[in-house]
Amino acid sequence: MKKLICLLVSFLLLTGMCAVAEEALFTPGTYEVETQGFGGPITVSVTVTDSEITDVSITGDQETPGLGAVAVANLGDAIEKAQTPNVEAVSGATVSSNAIIAAATEALESAGADIAKLDAQRRDLTEGETVREDKTIDTEIVIVGAGGAGMTAAIMARQAGKDFVILEKMPYVGGNTTKATGGMNAAETHYQKEQGIEDTVAQFVEDTMKGGHQLNNPDLVQTLAANSAAAIDWLDSIGAQLPKVSFSGGATNARIHAPEDGSGVGGYLVDKFSSTLDEMGVQVMLNTRATELLVEDGAVCGVLAEGPDANYTIHAKAVILTTGGFGANEDMYTQYRPDLKGTVTTNAPGATGDGIVMAQAVGADLVDIEQIQLHPTVEQTTSMLITESVRGDGAILVNQQGERFINELETRDVVSAAELAQPEQYAYIIFDQYLRDNLKAIEKYVKNNLTVQADTIEELATSLNIPAENLAKTLADWNQCVANQEDTLFGRTTGMNNPLETPPYYAIQIAPGIHHTMGGVRINTSAEVLNTEGNPIPGLFAAGEVTGGVHGGNRLGGNAVADIVVFGRIAAESAIAFCK
């Protein structure tokens, strides 16, 4: 039969009867492919005529809000416009983007497409774009950066009835907040009291200062801790409850607040903040990069910015910098820490230090700029951070010999140093099915094939090429420590509520990665940016990772989210007061 079809096709071609078909790029129809994205399955449906891609529909409801969800929303149009699946990935959503591109490629190949030919005929994505204009905007407040701190400040400004604009250089909101996987530290909260957890602001301050090696600004730390419970209440008021309270590294008491289902706090808050801004009618100016702070008579009075179709001059009474740190800018962080060259980073791609550079240009002082934190549990092939909640809920770390080597809930710098001191400079995080069932964040690690799974500890050890007797003894010893509530080897006292004894068992290979830049512009407790003489720069405020002084030489897990919410609120309040 195949031979007969081939002869018939050859005859038609020779007689010229297939001239139209010979020129066709596709076999008309709709072709659907399902693939694995970052958070779950993604379905790509491509409709073609014989010569054109007419529709690309993408469904991926489990992708991260503000990252993978942007790829789901935008890449279909990009593929249709370019007439090839090989379009540019969305920055920060590489896994989701690559999955979509691969699925679209497979669908088009099923339609008979020659992808190389499509690439050669690729349509110019800029074709027909409007000419850039020069535009002027007058407002009261400009918020630069739509991460967690920026969106917090924006919600506060809208609640106060102020006129403002919020700029974001990326095509999506969230910034580094989307990467936060643990929770938010807060003391003396109603959630702690309801769960019988004793904690104090004073202990929060002491833990943070100790974790930061006493390099922190004590006034900023006191402000962070003293306002943390009120920040939790404010989050409650906008529907962003964080009721799950557990331990994190360096904390004396259970203090880190997370979503009820144990999902990553960052994506959860970004979704809540973004939804709240939408409900308030606030439109974030995406793809719009602030390039310079405007100054008049010594006061900051606006910004210059570049949008996708216009150059903006924005006049304002106050500017709030919430542009994040510089952990995704290797050129910048190696100026201060050349030893970190080549280290993987967990940072969102927009964390390039723009706000720090702009603030310096108008005389801002910097503090702790060389203090850069490594996170100890980063999967190296994907740069995916394994949330501290895994260890906080009971996981342990073992080396290639199957032995524990550190109190897993020591501060991040201590645990990272201990990992790098191992012969292989990596470790495995070990947990069980009970922990997986009670921590939703683990599901994305499983779905992205980061975990090794086995029904017994011995089988898990064999899969990891670890001596089985060593790992079995380590688990037995650890479970005894949990039963006795005493870690005789390393003095761990937290995250010991449940033994690791429910099969199957899991392991993820991890090593340190750049996670947080503790240094930045110097601020006071009112979130005013200070100049090199220690005086406030009129009209300029800052919050979040663009600032320094809060975390000192090492940030405790859970303090970044506290930082963005507490100081994001303070920055807004101070800017509003300044406008009056």
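Numbers here simply count residues along the sequence, with the first being 1. Only heavy atoms go into these numbers, but all of them, side chains included; no hydrogens, no water, no symmetry mates.
- Just one of Asp138, Thr139, Val319 meets the side-chain contact (heavy atoms from CB on, under 4.5 Å) condition when paired with Ile314; it is Thr139.
- Distance alone, capped at 3.5 Å, is enough to place a donor-acceptor pair between the Thr84 side chain and the Asn86 backbone.
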>> With side chain to side chain contact (heavy atoms under 4.5 Å, CB included) as the criterion, how do Tyr172 and Val284 come out once you've worked through the C-alpha distance, each side chain's angles and the decisive distance to 0.1 Å?
In response: CA-CA 9 Å; Tyr172 45 79; Val284 180; over 6 Å; no
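- When all heavy atoms are compared, the tightest approach of Leu397 to Glu408 is N-OE2, 3.1 Å.
- Side chain of Lys169 to backbone of Gly350: a donor-acceptor contact under 3.5 angstrom is found.
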>> For a side chain to side chain contact (heavy atoms under 4.5 Å, CB included) check, start with the C-alpha distance between Leu220 and Thr525, then their side-chain angles and the critical distance, and finish with the verdict.
In response: CA-CA 6 Å; Leu220 294 179; Thr525 57; 4.1 Å; yes
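- Across every non-hydrogen atom of Asn176 and Ala348, the tightest pair is OD1-N, 2.7 Å.
- Judged by distance alone, with hydrogens and angles left aside, the side-chain atoms of Gln335 form no donor-acceptor pair with the main-chain N or O of Glu370 at under 3.5 Å.
- Looking at Gln371 and Tyr336, their side chains never bring a donor and an acceptor atom within 3.5 Å of each other.
- Rounding to the nearest 0.5 Å gives a distance of 7.0 Å between OG1 of Thr288 and CG of Leu286.
- With sequence neighbours left out, the salt bridge (charged side-chain N to carboxylate O under 4.0 Å, His left out) criterion links Glu330 to Lys341.
- Remark: side-chain polar atoms of His257 are paired, donor with acceptor, to backbone N or O of Arg255 under 3.5 angstrom.
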> Arg132 and Asn311: side chain to side chain donor-acceptor pair (under 3.5 Å), yes or no, with the steps?
Replying inline: CA-CA 7 Å; Arg132 295 180 65 82; Asn311 298 317; 2.6 Å; yes
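- Of the candidates Asn227, Val550, Thr547, Val550 is the only one forming a side-chain contact (heavy atoms from CB on, under 4.5 Å) with Phe567.
- Here the closest heavy-atom approach between residue Ala89 and residue Asn98 is recorded as CB-OD1, 4.4 Å.
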> Stepwise, does the side chain to side chain contact (heavy atoms under 4.5 Å, CB included) test hold for His213 with Asn554?
Replying inline: CA-CA 7 Å; His213 311 312; Asn554 178 66; 3.9 Å; yes
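- Between Leu293 and Met358, the closest heavy-atom pair is CD1-O, 3.7 Å.
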> Given Ser97 and Leu75, is the side chain to side chain contact (heavy atoms under 4.5 Å, CB included) satisfied, shown in steps?
Replying inline: CA-CA 8 Å; Ser97 298; Leu75 285 189; 3.8 Å; yes
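- Partners of Glu168 under the salt bridge (charged side-chain N to carboxylate O under 4.0 Å, His left out) rule, at least two apart in sequence or in another chain, do not exist in this structure.
- With hydrogens and angles disregarded, a donor-acceptor distance shorter than 3.5 Å links the side chain of Thr322 to the backbone of Val144.
- Nearest heavy atom pair, residue Met184 against residue Val561, reads CB-CG1, 3.5 Å.
- A distance-only check finds no donor-acceptor pair linking the side chain of Thr136 to the backbone of Tyr312 [under 3.5 Å].
- Glu63 contributes a side-chain N or O that, together with a main-chain N or O of Gly40, makes up a donor-acceptor pair within less than 3.5 Å.
- Between the side chain of Thr177 and the backbone N or O of Gly148 there is at least one donor-acceptor pair closer than 3.5 Å.
- A donor-acceptor pair under 3.5 Å is formed between the side chain of Thr345 and the backbone N or O of Gly327.
- One side chain, Asn559 or Thr208, offers a donor N or O that lies under 3.5 Å from an acceptor on the other.
- Between the Gln214 side chain and the Gly212 main chain, no donor and acceptor come within less than 3.5 Å of each other.
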>> Using side chain to side chain donor-acceptor pair (under 3.5 Å), reason through Thr377 and His375 one step at a time and then give a plain yes or no.
In response: CA-CA 6 Å; Thr377 54; His375 194 289; 3.3 Å; yes
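- Using a 4.0 Å cut-off between a side-chain N of Lys or Arg and a carboxylate O of Asp or Glu, Asp563 and Arg555 do not qualify as a salt bridge.
- In Lys210, the NZ atom is not crowded: 12 or fewer heavy atoms of neighbouring residues, nucleotides or ligands sit closer than 6.0 Å.
- Heavy-atom contacts from other residues, nucleotides or ligands closer than 6.0 Å to CD of Gln283 number 12 or fewer.
- Here the straight-line distance linking atom CD1 of Ile510 with atom OH of Tyr445 works out to 12.0 Å at 0.5 Å rounding.
- Of all non-hydrogen atoms in Ala542 and Val521, the two that sit nearest each other are CB-CG2, 4.0 Å.
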